[in-house]
Amino acid sequence: MTTTSGGDAVTAAKVMPLRYAGTCEACGSDLAAGTRAGYSKTTRTVRCLPCLEPAPPEVPAASVTEPTPRQAPEPVESGAAGSSARREYERRSAKREARIREAHPRLGSLILALTDEPQSTTAWASGARGEELLGARLADLTEKGVRLLHDRRIPGTRANIDHIAVGPTGVHVIDAKRYKGRRPSLRVEGGLLRPRVEKLLVGSRDCTRLVEGVHKQIGLVRSALDAGTLTDVPVQGNLCFIEADWPLIGGSFVIADVAVIWPKKLAERLVAAGSMSEAEVETVYRVLAQAFPAA
């Protein structure tokens, strides 16, 4: 057997009954004659049996892994209401100005001052303003559990969805329209002898195509939810007319399952009691934000 003396030189020690009494060089304990102990002939020293046992290997203290703090979810870009329509108006307006100035270097400024922009250009400014007004009106609803997405691009197209609201009652696809001073109304034609046909009129103009556009948007949102295994989430369509000539009492109606409504009435619809929890609302909100990026 070998032992170490103070961690220095290694010395051979023979275990045997001591012929004479001695003292353990390691721990200093007294050893009576006849006690079995280690005797080193080289150093003429003795060690008790416990001091001859090799020290157990030093086990490093178990490292304590600090729990990884839960990372905050990535922020969602909610979008800016009317931003893409505003950009299109500015693009068309700038293009018209450049064309006139190039064609009439000296009179360009006068022509621009005396002529109006074409309706095809101003319609984009009016639409952008309508979306901006509605976005501002709905902003307060975030404190009531409604999450909002504005101006969302439909992938693969140049089209967009004006607003998507997610709340306790499900998903609301919102198409904002600014027909200032004109009244939306429902006309029902047909009946007993002819098929029943519903039409959306704005003033005297047939705008039923707007309802068809909302249905297309509902279908796209429905597909995105189904792809995210959110098949049970209801999707509702809304046509919201801003600054229209709504009557003092009543006025809102439903055509082909699409609510035709004004901003205040829409806000009431969005915060109505529903079955979706706050966590479910957040999940749906994030799925739709990814499926329809900000325009």
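Only heavy atoms go into these numbers, but all of them, side chains included; no hydrogens, no water, no symmetry mates. Quick caveat: nothing in here was measured; it's all calculated off a predicted structure.
- Grouping Ile, Leu, Val, Met, Phe, Trp and Tyr by side-chain contacts under 4.5 Å, direct or through others, leaves V197 on its own.
- Applying the ring pair (Phe, Tyr, Trp, His ring centres under 6.0 Å) test to pairs two or more places apart or on separate chains, those with a residue in residues 178-232 are Y179-F241.
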Please set out all donor-acceptor pairs under 3.5 angstrom arising from side-chain atoms of residues 258-268, sequence neighbours excluded.
none

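- A ring pair (Phe, Tyr, Trp, His ring centres under 6.0 Å) check over residues 115-156, counting only residues at least two apart or in different chains, returns the pairs H150-H163.
- Using a cutoff of 4.0 Å between basic side-chain nitrogens and carboxylate oxygens, E132 and R86 are scored as salt-bridged.
- Closest approach of D151 to S83, counting heavy atoms only: OD2-OG, 2.7 Å.
- Formation of a donor-acceptor pair under 3.5 Å by the R183 side chain with backbone atoms of D245 is found in this model.
- Residues M276 and E280 approach most closely at CA-OE1, 3.3 Å, considering heavy atoms.
- Residues A165 and L148 approach most closely at CB-CD2, 3.7 Å, considering heavy atoms.
- D206 contributes a side-chain N or O that, together with a main-chain N or O of T208, makes up a donor-acceptor pair within less than 3.5 Å.
- In terms of heavy atoms, G79 sits closest to A294 at CA-CB, 4.2 Å.
- Within 6.0 Å of atom CD in E90, more than 12 heavy atoms from other residues, nucleotides or ligands are found, so the atom counts as buried in its surroundings.
- For R101, the salt bridge (Lys or Arg N to Asp or Glu O under 4.0 Å) partners at least two apart in sequence or on another chain are E97.
- A search for salt bridge (Lys or Arg N to Asp or Glu O under 4.0 Å) contacts involving R137 returns nothing, not counting sequence neighbours.
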